[in-house]
There are 2 protein chains.
Amino acid sequence: MTSVASASSVAAAPAAAGPAPASPTSARTPARAERLRCDAARNRERVLAAALELYRERGGAFTVEEVASRAGVGVGTVYRRFPTKNALLDELARPFFEQLLTTAQAAHGHPEPAERLEVFIRAMAEQHAIDGVRSGRLWDAAVARPLRDEYVRTLGLILAEARAAGRVRADVEPYDVGVVVWSITGLIDATQHAAPVIWRRYLDLLVDSLRPGGERPLATRPVTQGDWEDLVAASPVLRLG
Amino acid sequence: MTSVASASSVAAAPAAAGPAPASPTSARTPARAERLRCDAARNRERVLAAALELYRERGGAFTVEEVASRAGVGVGTVYRRFPTKNALLDELARPFFEQLLTTAQAAHGHPEPAERLEVFIRAMAEQHAIDGVRSGRLWDAAVARPLRDEYVRTLGLILAEARAAGRVRADVEPYDVGVVVWSITGLIDATQHAAPVIWRRYLDLLVDSLRPGGERPLATRPVTQGDWEDLVAASPVLRLG
DNA sequence: CGACAACCGGAATCGTCTTCCGCTTCCGTC
DNA sequence: GACGGAAGCGGAAGACGATTCCGGTTGTCG
């Protein structure tokens with residue numbers, strides 16, 4: 001697993017509908033260099049759309065050639081825009097990941113602070129189940145580190161509130177919740193096909209496990225940010241099932 | 001994922017050291033047809049040994065040709081004995097699985113019946129962590145259904161005892177424990193490389209989650225045997241990491 | 001309108017798994 | 001102890017899929 005470094009393709013966003021770039025300091029803006037020729041941009045979108053379609057149909061079990069032909073381009077064109085097939089799949093994960101963050105923030109907006117942690121965990125699981133992502137974890141470092149950081153930050157706030165309200169065992173740390181969510185998503189991926197909603201049972205169990213009262217102390221230290229980085233980096237993203 | 005049906009290669013055991021097959025009813029015994037020629041049997045062992053060696057070194061990231069050359073045979077010979085590379089890897093998992101069953105039975109032999117469930121779960125996790133199996137679940141149907149059935153049976157006994165002793169929430173069923181163990185093994189696989197013992201923390205959490213008291217009822221039905229079959233059949237075994 | 005960098009398609013390359021086939025070796029018999 | 005043939009053997013060839021390359025094409029900008 002060589003980690004997919006790469007910066008690249010930051011722009012490519014649909015761009016604001018507004019006409020004016022406004023800032024007259026155009027001299028320095030690097031955005032210039034990243035603008036794609038319009039046919040290229042169109043093809044990029046087509047490739048992405050074709051890949052998403054195929055991913056929803058067959059969960060990663062498709063060839064690059066299929067993506068290309070469904071997008072009406074040659075494989076070379078796919079590779080000009082995405083260095084590897086996995087990079088293409090990573091890109092598919094991005095909007096999904098963004099949706100997760102939105103969901104997390106929505107949970108943080110829940111009226112009752114004490115409830116937010118549970119709402120958060122359940123919403124994450126629900127979102128994961130809905131999005132039809134099979135057999136993948138989607139936290140890979142390459143996709144969107146800033147989003148991930150924001151996610152963890154939100155989680156920290158929520159956990160602090162739950163703790164203040166005495167709704168969670170005192171020895172639970174933010175990354176613990178991350179691990180719990182991560183592990184439920186693994187279960188969702190694994191069971192969704194065989195038994196569509198069964199994961200809810202184990203989610204209930206996990207949620208219960210975080211409640212305070214009668215527990216024995218945890219002997220092992222929690223996951224740190226560094227561990228977390230390693231952990232997600234080692235997980236397949238939307239890779240083949 | 002076409003499930004790897006296949007019966008095959010039941011014999012191949014090192015065979016009892018004793019000299020006499022004893023049973024004179026040799027007429028019907030099918031064992032006859034399954035005996036390998038002695039050079040073939042030797043090669044089979046060599047291939048298996050080479051594959052295990054490579055697996056421990058590189059975790060599945062090796063080619064069939066490497067296995068063959070390390071075993072001192074041609075690839076054709078590997079394929080004569082194992083229909084696919086995955087079948088070969090499955091075979092590697094078998095002794096590991098057998099060890100798990102032994103561990104399970106040992107837990108059932110624990111002097112204090114009320115403790116057995118926890119001992120069982122912890123022992124399973126420990127065993128999984130020790131065996132150096134990375135990024136794989138090993139419950140695939142193809143490997144050893146009878147072993148699996150025995151495992152589940154043992155688990156059922158242990159759970160009944162724990163329940164009788166009031167050491168476990170009343171709504172937990174045997175396959176629930178299976179799912180819990182399965183999910184901790186996933187966590188072990190995922191974290192072992194980055195943070196060797198961190199999984200113990202989450203194991204503690206999971207073990208705690210099964211204790212009785214104050215819990216809310218579980219709204220979703222538990223996993224059934226059929227679900228379990230599907231679930232394990234869909235999991236990668238020792239597949240590439 | 002012309003120059004040219006960015007693009008394009010798709011054939012060729014490469015790494016792997018899997019199949020095939022002519023030659024070889026054990027096993028049971030005569 | 002030699003013989004016949006099934007079971008094995010090695011490794012070349014085939015199949016597949018990702019990735020690379022390159023000659024021809026096409027927006028873009030002056």
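Numbers restart at 1 for each chain; the letters A, B, ... are given by sequence-line order, proteins then strands.
A salt bridge between A/Asp227 and A/Arg221 is present, with a side-chain N of the basic residue lying under 4.0 Å from a carboxylate O of the acidic one. Of the charged side-chain nitrogens involved, at least one lies within less than 4.0 Å of a carboxylate oxygen, so that A/Arg200 and A/Glu126 count as a salt-bridged pair. Remark: A/Glu150 engages A/Arg153 in a salt bridge, criterion side-chain N to carboxylate O under 4.0 Å.
Distance CZ (B/Arg80) to P (D/dA6): 14 Å, rounded to an integer number of Å. One interatomic measurement links the two molecules: CZ of B/Arg81 to C1' of D/dC9, which rounds to 10 Å at whole-angstrom precision. Across the protein-nucleic acid pair, A/Leu89 atom CG and D/dA18 atom C1' stand 12 Å apart, rounded to whole Å. Across the protein-nucleic acid pair, B/Tyr79 atom OH and C/dT19 atom P stand 8 Å apart, rounded to whole Å. Regarding A/Arg42, its CZ atom lies at a distance of 18 Å from the P atom of C/dA6, rounded to whole Å. The distance from atom CZ of A/Arg46 to atom P of C/dG9 is 9 Å, rounded to the nearest whole Å. In this entry the distance linking CZ of A/Phe82 with C1' of D/dA18 reads 16 Å, nearest Å.
Closest to the B/Val64 side chain, of the nucleotides D/dG8, C/dC17, C/dC8, is C/dC17. Comparing atom distances between the B/Arg37 side chain and each of C/dC27, C/dC17, D/dC9 picks out C/dC27 as nearest. If you check D/dT28, C/dG9, C/dT18 against the side chain of A/Cys38, the one that comes closest is D/dT28. Listed candidates were C/dC7, D/dC9, C/dT18. Nearest to the side chain of B/Lys85 is C/dT18. For B/Thr63, the side-chain atoms get nearest to C/dC17 when compared with the rest of C/dC8, D/dC9, C/dC17. Side-chain proximity of A/Val73 to D/dT19, C/dG9, D/dG10: nearest is C/dG9. Picking from D/dC22, D/dG10, C/dA11 the nucleotide with the shortest atom distance to the side chain of A/Val75 gives C/dA11.
A cation-pi contact, defined as under 6.0 Å to the ring centre and within 45° of the axis, links A/Lys85 to A/Phe62.
Close to D/dC9, at under 4.0 Å from its OP1 or OP2, lies a side-chain N or O of B/Asn43. Close to D/dT28, at under 4.0 Å from its OP1 or OP2, lies no side-chain N or O of A/Arg35.
Of the residues near DNA chain C, A/Val78 and A/Glu65, the one whose nearest nucleotide (by heavy atom distance) lies more toward the 5' end is A/Val78.
No donor-acceptor pair under 3.5 Å is formed between the side chain of B/Asp90 and the backbone N or O of B/Ala87.
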